[in-house]
Amino acid sequence: MTRLGLPVATIVALALLAVPRAVLHDLDVIHEGTVLNAVLVFVPLLIWVVVAVLHASNPFLALLATGCVYGLCLAVVHTVFWSPGTVDTAIPDLVLRGAVILSSLFTGIALGTVCGVVAWGLGRLRTSGCRRSRR
């Protein structure tokens, strides 16, 4: 284990689980409101929480780190696959790309925070349940 609660390789692998949805969405292969999109949104996050609850020494910190890595990946995906020509605006491309990067980082951090809180709470319930069953 690391100070992050999980090995760095595990944190990166967990973050990468959520990247295919961003790529497919940016390529206009999947669309919001479809079952496939919902699966690609929620299953990776569920896996994040399960892995953190079962294996992390600090589930919150592990998933916050995972969210940070995911945010970086999201920023790269959106920068690579996003076409400024799809936005009808007079705002310079550099400003729009900067906003996309900041939004991506914030999204990753927010997802990591929410999943981390859920994993932390479930971990607390799990350990308190184990203590009760030993009595």
Side-chain angles (χ1 to χ4, degrees):
M1 292 293 151
T2 68
R3 295 175 70 181
L4 296 175
L6 287 170
V8 172
T10 302
I11 288 170
V12 171
L14 288 173
L16 291 175
L17 287 175
V19 172
R21 186 244 169 233
V23 172
L24 293 174
H25 185 264
D26 281 6
L27 292 175
D28 206 29
V29 173
I30 61 170
H31 305 282
E32 292 182 27
T34 64
V35 173
L36 179 58
N37 184 68
V39 167
L40 291 174
V41 166
F42 295 110
V43 169
L45 301 179
L46 180 62
I47 293 169
W48 287 13
V49 170
V50 169
V51 169
V53 168
L54 296 178
H55 301 290
S57 60
N58 185 337
F60 176 77
L61 189 56
L63 292 187
L64 180 59
T66 301
C68 289
V69 173
Y70 173 63
L72 290 170
C73 293
L74 198 57
V76 169
V77 166
H78 288 329
T79 300
V80 169
F81 292 110
W82 179 67
S83 170
T86 62
V87 178
D88 186 24
T89 182
I91 299 172
D93 180 55
L94 184 60
V95 173
L96 287 173
R97 287 191 185 274
V100 166
I101 290 168
L102 288 175
S103 172
S104 298
L105 294 173
F106 178 80
T107 298
I109 292 167
L111 282 173
T113 300
V114 170
C115 289
V117 167
V118 170
W120 174 82
L122 290 173
R124 298 279 298 198
L125 287 173
R126 182 174 174 246
T127 56
S128 69
C130 289
R131 286 184 197 134
R132 286 186 198 142
S133 66
R134 289 181 189 161
R135 290 181 184 170

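- One N or O on the side chain of T66 and one on the backbone of A62 form a donor-acceptor pair closer than 3.5 Å.
- Taken from NE2 in H55 to OG1 in T10, the straight-line distance is 9.0 Å, to the nearest 0.5 Å.
- Taking CG from L17 and CD1 from I47, the interatomic distance works out to 5.5 Å, rounded to the nearest 0.5 Å.
- Hydrophobic clustering of Ile, Leu, Val, Met, Phe, Trp and Tyr side chains at less than 4.5 Å, counting indirect connections, unites I11 with L16.
- Taken to the nearest 0.5 Å, the SG atom of C73 stands 10.5 Å off from the CG atom of L105.
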Under the side-chain contact (heavy atoms from CB on, under 4.5 Å) criterion, do V118 and L63 qualify, and how do the steps go?
CA-CA 10 Å; V118 170; L63 292 187; over 6 Å; no
Pair N58, L4 - check side-chain contact (heavy atoms from CB on, under 4.5 Å), show working.
CA-CA 7 Å; N58 185 337; L4 296 175; over 6 Å; no
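- Tracing side-chain contacts under 4.5 Å through hydrophobic residues (I, L, V, M, F, W, Y), one never reaches V100 starting from F81; they form parts of separate clusters.
- For the residue pair P59 and A119, the shortest heavy atom distance occurs at CB-CB, 3.8 Å.
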Working for side-chain contact (heavy atoms from CB on, under 4.5 Å), residues H78 and I101:
CA-CA 8 Å; H78 288 329; I101 290 168; over 6 Å; no
Show me the donor-acceptor pairs, under 3.5 Å and distance only, between side chains in residues 27-43 and residues at least two apart or in other chains.
from, atom 1, to, atom 2, distance (Å)
D28, OD1, H31, ND1, 3.3
T34, OG1, H31, O, 2.8
T34, OG1, N37, N, 3.2
N37, OD1, R21, NE, 3.0
N37, OD1, R21, NH2, 3.3

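- Only one option out of L72, T79, V80 pairs with V76 in a side chain to side chain contact (heavy atoms under 4.5 Å, CB included); it is V80.
- Under the 4.5 Å side-chain heavy-atom criterion for grouping Ile, Leu, Val, Met, Phe, Trp and Tyr, L74 is not connected to V114 through any hydrophobic cluster.
- Among the candidates V51, L45, L46, the single residue satisfying the side chain to side chain contact (heavy atoms under 4.5 Å, CB included) test with W48 is L45.
- When all heavy atoms of R3 and L61 are compared, the pair lying nearest together is O-CD2, 3.2 Å.
- For the residue pair Y70 and V19, the shortest heavy atom distance occurs at CE1-N, 4.1 Å.
- Nearest approach of L122 to V53, heavy atoms of both residues: CB-CG2, 3.8 Å.
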